[in-house]
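Start at 1 with the first residue, then count along the sequence.
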Amino acid sequence: MKNIDLNRLWLTIKWDTVTNWKHARRMTLSITFGLALFFIANVMGAYGHDSNPAYAVSELNMMGATTVGMMSLFLSAFTSLILTTLRTKQQRISFLMQPASNMEKFISRVLYSTVGAFAIIIVGLFLADMLRALLDLMLNQRYIGSVTIEVFKTLYNIVTDAYAPCRVAGSTVQAPLIYLMMVLWLILGYTTFILGGTFFRRQPWLCTVGVMVVIIYLTVFAFITFADMQSVKTFFENLENVSPTAVIIVLDIILAAAIAFELWASYKLFCRMQVINNKWTNL
C-alpha cells in the first residue's frame, strides 16, 4: 500500500468527518455558548446607556480583537485534541482498521484538528454573533455591526500590518525573511500542540502548556546563568560581525527544521498508537 493515495486520502477525510460529526457539533455548540456569554456580558453592560457612532465603533473593535484572541486559544486547544475522538477502545479499533495508510490517517487527523477546527470556530462565532445582534437590538435598540466581519478584518490587518515592522527592522531583502520567521514561529506553536496531542492521552492541552512553560523557564534560567560566561560573551561579540541576513536565514532554517521534527515525531507517535494505551500517554 502506498503511503499517500489522493483518492484514498479523500475517502479517509470524508469518513473521519462523517464519523465525528457529533463531536464537531458538540464543539460548535460549546464555542457558540462560550462566545455568546462574552457577547451577552457586553450587551448587558451597555443596557440603559446612550450609544453613539464613535462608541459603537470602539465597542466593535474591542470585541473583534478580544474574539480573535479567544479564537486563537480555542484553536490551540482543538489542535491538541488531535486524538480526542479515539478515546474508547472501539473507536481506536475502528480507526486502525480503516483501509488507509498511517500517513493518510495522520493527515486526516491533522486537517480535522486544524482546518476543521477553524471552520467549527467560525460557525460557532457566526451563531453567537447572531444571538448577540438579536439581543442587542431587543434590549438596547442598537446594532453596532457584525463581530464576525470585524474578526475577519482584524485577521486581515494582523496579516498585512505585521509586515510593516519587518520593513522597518530590516532591509528589502531582510523584511520577507523576518516576516517568514514570524509565520514559522506561529506554525511552530501549533505543531507543538499537535505533538502534545499525539503524546499525552489525558488533558493534552494542559500538559502541553505545562511542558512549554517549563521549557521556557529553563531556557531563560540557563540564559541568565550562563550570560556572564566569557565564552558566551565572545560568541555574541563574534555574532555582531556576521551579516544580519545570514543570521535571519539560519534562524528561519532552525524554525523550519523544528517544525519538520515535531511533525515527524507526531507521525511516529501516531504510528505507535495501539488499541490499549498507557494511562497518560498514547504509547
Show me the side-chain donor-acceptor pairs of residues 214-223 shorter than 3.5 Å, one per line, residues at least two apart or across chains.
{"from": "Thr219", "atom 1": "OG1", "to": "Ile215", "atom 2": "O", "distance (Å)": "2.7"}

Across all chains, not counting sequence neighbours, the side chain to side chain contact (heavy atoms under 4.5 Å, CB included) partners of Ala24 are Tyr112, Ile120

Are Phe74 and Leu81 connected in a single hydrophobic cluster, I mean Ile/Leu/Val/Met/Phe/Trp/Tyr linked by side-chain heavy atoms less than 4.5 Å apart? no

Hey, could you give me the CD1/OG1 distance between Ile122 and Thr148, rounded to the nearest 0.5 Å? 7.5 Å

What's the verdict on side chain to side chain contact (heavy atoms under 4.5 Å, CB included) for Leu135 and Phe39, showing C-alpha distance, side-chain angles and the deciding distance? CA-CA 9 Å; Leu135 185 63; Phe39 292 155; over 6 Å; no

Would you be so kind as to tabulate the donor-acceptor pairs closer than 3.5 Å made by side chains of residues 254-262, with sequence neighbours excluded?
{"from": "Glu262", "atom 1": "OE1", "to": "Thr191", "atom 2": "OG1", "distance (Å)": "2.7"}
{"from": "Glu262", "atom 1": "OE1", "to": "Thr192", "atom 2": "N", "distance (Å)": "2.9"}
{"from": "Glu262", "atom 1": "OE1", "to": "Thr192", "atom 2": "OG1", "distance (Å)": "3.1"}
{"from": "Glu262", "atom 1": "OE2", "to": "Thr192", "atom 2": "OG1", "distance (Å)": "3.0"}

With sequence neighbours left out, write down each residue that passes side chain to side chain contact (heavy atoms under 4.5 Å, CB included) with Phe199, or none if nothing qualifies. Leu269, Thr281, Leu283

Using the side chain to side chain donor-acceptor pair (under 3.5 Å) criterion, which residues pair with Thr114? Sequence neighbours excluded. none

What residues, two or more places apart in sequence or in another chain, satisfy side chain to side chain donor-acceptor pair (under 3.5 Å) together with Thr154? none

Residues passing the side chain to side chain contact (heavy atoms under 4.5 Å, CB included) test with Leu155, sequence neighbours excluded, are Val68, Val151

Spatial distance of atom CD1 (Ile107) from atom OG (Ser101) [nearest 0.5 Å]: 7.5 Å

What's the verdict on side chain to side chain contact (heavy atoms under 4.5 Å, CB included) for Met71 and Phe118, showing C-alpha distance, side-chain angles and the deciding distance? CA-CA 8 Å; Met71 288 172 59; Phe118 184 76; 4.3 Å; yes

I need the Thr19 OG1 to Lys14 NZ distance, nearest 0.5 Å. 12.0 Å

Cluster companions of Leu206 among Ile, Leu, Val, Met, Phe, Trp, Tyr (side-chain spacing under 4.5 Å): Leu73, Phe193, Trp205, Val209, Met212, Val213

Quick note, salt bridge (charged side-chain N to carboxylate O under 4.0 Å, His left out) partners involving residues 17-34, not counting sequence neighbours, are none

Assess whether side chain to side chain contact (heavy atoms under 4.5 Å, CB included) is satisfied between Met103 and Leu9, documenting all intermediate values. CA-CA 9 Å; Met103 178 62 74; Leu9 174 61; over 6 Å; no

Just to verify, what does Asp16 make a side chain to side chain donor-acceptor pair (under 3.5 Å) with, not counting sequence neighbours? Asn20, Ser108, Arg109

Candidate pair Asn102 and Tyr267, rule side chain to side chain contact (heavy atoms under 4.5 Å, CB included), full reasoning: CA-CA 8 Å; Asn102 285 331; Tyr267 174 67; 3.8 Å; yes

All ring pair (Phe, Tyr, Trp, His ring centres under 6.0 Å) counterparts of Phe270, not counting sequence neighbours: Phe95, Phe106

Partners of Ala117 by side chain to side chain contact (heavy atoms under 4.5 Å, CB included), sequence neighbours excluded? Leu75, Phe78

